[in-house]
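One-based numbering, in listed order, for ligands and for the atoms of each. The model shown is predicted, which means the values in this text are computed figures rather than measured ones. Side chains included, hydrogens not; waters and symmetry mates left out as well; all remaining heavy atoms used. Just so you know, residue 1 is the first one in the sequence shown, and it goes up from there.
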Amino acid sequence: MKLIFKILIGLSAVVIEALEITSGKVFSRPTGRATSCNLTGNSIDELNAIKSSCKNIVIENLRVPAGKTLDLTGISDTSITFRGNISFGYAEWKGPLVLISGSNVNITGERGHVFDGQGARWWDTLGGNGGVRKPRFFKIRYLYNGVVNHLHFLNSPRHCFAIHNCTNITVNNVVMNTKDGDTQGGHNTDAINVKGSENVFISDTIVYNQDDCLAVRSGKNIHFKKAFCSGGHGMSIGSVGNRTNNVVEDVYITDSIVVDSENGVRIKTVVNATGLVSGVTYNNITMRNITDFGILMRGDYMNMPGPTGTPGNGVPILNVTITNVRGTVQPNGTNIYILLGQGVAQNWYWNDIDISGGTRRRVCQGIPPNSGAFCA
Ligand SMILES: *[C@@H]1O[C@H](CO)[C@@H](O)[C@H](O)[C@H]1NC(C)=O
Ligand SMILES: *[C@@H]1O[C@H](CO)[C@@H](O)[C@H](O)[C@H]1NC(C)=O
Ligand SMILES: *[C@@H]1O[C@H](CO)[C@@H](O)[C@H](O)[C@H]1NC(C)=O
Ligand SMILES: *[C@@H]1O[C@H](CO)[C@@H](O)[C@H](O)[C@H]1NC(C)=O
Ligand SMILES: *[C@@H]1O[C@H](CO)[C@@H](O)[C@H](O)[C@H]1NC(C)=O
Ligand SMILES: *[C@@H]1O[C@H](CO)[C@@H](O)[C@H](O)[C@H]1NC(C)=O
Ligand SMILES: *[C@@H]1O[C@H](CO)[C@@H](O)[C@H](O)[C@H]1NC(C)=O
Ligand SMILES: *[C@@H]1O[C@H](CO)[C@@H](O)[C@H](O)[C@H]1NC(C)=O
Ligand SMILES: *[C@@H]1O[C@H](CO)[C@@H](O)[C@H](O)[C@H]1NC(C)=O
Ligand SMILES: *[C@@H]1O[C@H](CO)[C@@H](O)[C@H](O)[C@H]1NC(C)=O
Ligand SMILES: *[C@@H]1O[C@H](CO)[C@@H](O)[C@H](O)[C@H]1NC(C)=O
């Protein structure tokens with residue numbers, strides 16, 4: 001057995017070279033030095049060595065083994081570039097297929113790259129509610145000061161892009177195309193899901209999927225602008241309630257388009273749960289060909305077996321501004337529906353709303369007076 005320590009005093013890096021075992025097998029830990037900063041092929045064995053010695057990591061045409069996470073956690077002051085086709089073996093497990101954490105990380109996709117989830121291998125119309133276990137796709141968690149640029153996701157097995165417990169995150173030009181799920185059994189293929197995160201700036205997202213385009217479950221100061229959402233459930237706050245963190249504060253959803261979707265914009269809170277939604281702005285939203293609800297504000301949400309019809313009042317929904325929202329709903333849908341417990345909605349301001357086409361009127365509850373809010 002041969003052991004070499006190289007400690008480079010005076011430099012910021014301390015490199016402890018690999019422990020070489022006579023069998024020829026190399027352990028690269030506690031830290032190893034990578035021979036290249038490019039990860040490619042069908043193994044992720046080099047990843048720890050690359051993470052500990054590279055500040056510019058290139059991940060290129062990688063086939064991640066089945067049941068394994070491409071684990072880019074614990075990274076700091078590093079840029080990660082994805083190139084070519086990043087694909088994943090098939091296993092029935094919870095994922096995520098890719099996980100990134102750390103601080104000061106730039107994540108960039110090169111022109112022509114793709115994360116190919118090949119979701120059809122799992123799709124069975126049941127999503128997260130049953131059938132085979134489907135992995136979540138891409139997650140950033142405990143990432144501080146991260147910039148994500150130009151990622152392209154194809155056919156997510158279920159939820160595509162999660163931002164959990166992060167601070168100071170910018171996400172620009174991400175494409176999530178799970179359109180094949182429309183005809184091949186995709187379900188719960190949420191695009192962007194935010195929990196427990198602060199200062200998140202998402203811009204220029206393009207989504208084709210079968211669930212929420214955006215779902216903000218908890219967090220503060222979340223911005224989502226210039227999105228195009230097609231085929232899913234619209235741009236949502238919630239569901240809020242019945243989780244560890246049930247507080248949503250200051251969300252700005254602006255300059256976006258939602259087409260061929262169940263809902264345009266919505267806030268949904270879990271029936272009889274507690275929590276808080278405070279400060280939501282929807283401004284300059286265009287919707288087209290919405291099947292169910294143009295604008296939906298409901299306090300009776302339950303995933304299974306479905307909304308109860310009787311809203312609770314444990315989740316106040318304060319300071320909701322909806323301005324310059326227009327578009328069309330299919331004839332059997334409802335343009336605007338509000339179903340909230342008495343006193344839940346306070347300090348709302350709605351103005352310049354023009355949604356038409358839906359002919360199904362529903363009995364509303366909890367519309368805050370003198371707010372401009374209405375049902376139609
Ligand atoms: C590794 O990535 C660098 C930087 O993009 C590139 O110049 C080089 O050709 C790559 N090497 C291999 C072996 O892929
Ligand atoms: C990330 O990109 C910004 C420019 O957008 C640059 O200033 C910064 O140094 C980069 N950080 C890393 C860790 O590469
Ligand atoms: C990506 O690679 C996988 C595995 O090699 C392959 O099955 C898939 O078709 C590729 N996807 C694209 C978009 O080229
Ligand atoms: C987030 O950004 C702000 C403003 O740039 C900075 O003061 C703060 O330290 C950052 N937070 C983290 C966790 O890095
Ligand atoms: C991470 O987020 C969860 C859910 O939002 C929350 O319960 C937990 O306290 C957070 N952890 C930290 C360290 O912030
Ligand atoms: C409103 O949003 C659309 C995209 O849907 C954008 O093209 C337009 O510039 C926005 N208007 C303003 C005033 O920002
Ligand atoms: C409207 O949306 C439905 C999906 O709900 C879609 O099948 C149909 O093609 C869309 N119609 C138009 C005119 O885009
Ligand atoms: C919500 O609370 C009300 C009043 O306590 C109760 O009647 C109702 O059954 C509860 N709903 C659910 C789904 O638990
Ligand atoms: C209302 O919410 C918006 C965010 O949507 C925020 O900018 C504003 O400060 C809030 N106003 C009050 C009075 O809380
Ligand atoms: C309206 O009809 C479409 C199909 O034509 C269906 O998908 C949708 O669920 C219906 N909406 C409601 C609110 O029943
Ligand atoms: C609350 O969460 C639990 C566990 O996920 C779930 O079983 C239950 O149905 C949820 N309750 C409601 C009202 O959604």
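Aromatic ring orientation, Tyr144 versus Tyr142: tilted (interplanar angle from 30° to 60°). Ring geometry, Phe115 versus Phe137: the interplanar angle exceeds 60°, so the pair is classed perpendicular (tilted spans 30 to 60°). Between Phe293 and Tyr337, the ring planes are parallel. Angles under 30° get that label, and only those over 60° would be called perpendicular. Ring orientation note: the planes of His152 and His113 are nearly perpendicular, at an angle over 60° on the 30°/60° scale.
Ion pairing of Glu60 with Arg83 is present here, as a side-chain N (NZ or NE/NH1/NH2) and a carboxylate O approach within less than 4.0 Å. Salt-bridge annotation for Asp212 and Arg266: present, with a side-chain N of the basic residue lying under 4.0 Å from a carboxylate O of the acidic one.
On a distance-only criterion, Tyr144 and ligand 4 share no N/O pair closer than 3.5 Å. Any N or O atom pair closer than 3.5 Å counts here, and Asn199 shares no such pair with ligand 4. Not one N or O of Thr286 is nearer than 3.5 Å to an N or O of ligand 6, by distance alone.
For the pair Ser156 (side chain) and Arg158 (backbone), a donor-acceptor distance under 3.5 Å is present.
Within the set Thr291, Thr328, Asn289, the minimum heavy-atom distance to atom 10 (C) of ligand 7 is found for Asn289. Heavy-atom proximity to atom 14 (O) of ligand 6, evaluated over Asp255, Asn324, Asn283, is greatest for Asp255.
Near Asn284, with a cut-off below 4.0 Å to any heavy atom, the atoms of ligand 6 are 1 (C), 2 (O), 3 (C), 8 (C), 10 (C), 11 (N), 12 (C), 14 (O). Heavy-atom proximity to Asn168, at under 4.0 Å, picks out these atoms of ligand 4: 1 (C), 2 (O), 3 (C), 8 (C), 10 (C), 11 (N), 12 (C), 14 (O). Atoms of ligand 7 lying under 4.0 Å from any heavy atom of Asp260, numbered from 1 in the order shown and given with element: 1 (C), 2 (O), 10 (C), 14 (O). Every atom of ligand 6 is numbered from 1 in the order shown, and the set under 4.0 Å from a heavy atom of Ile257 is 5 (O).
By the criterion of a heavy-atom distance under 4.0 Å, the side chain of Gln330, and not its backbone, is placed next to ligand 7.
Taking 4.5 Å as the limit, some side-chain heavy atom of Glu92 sits within range of a side-chain heavy atom of Tyr90.
Atom 5 (O) of ligand 6 is flagged as protein-proximal [any protein heavy atom, distance under 4.0 Å].
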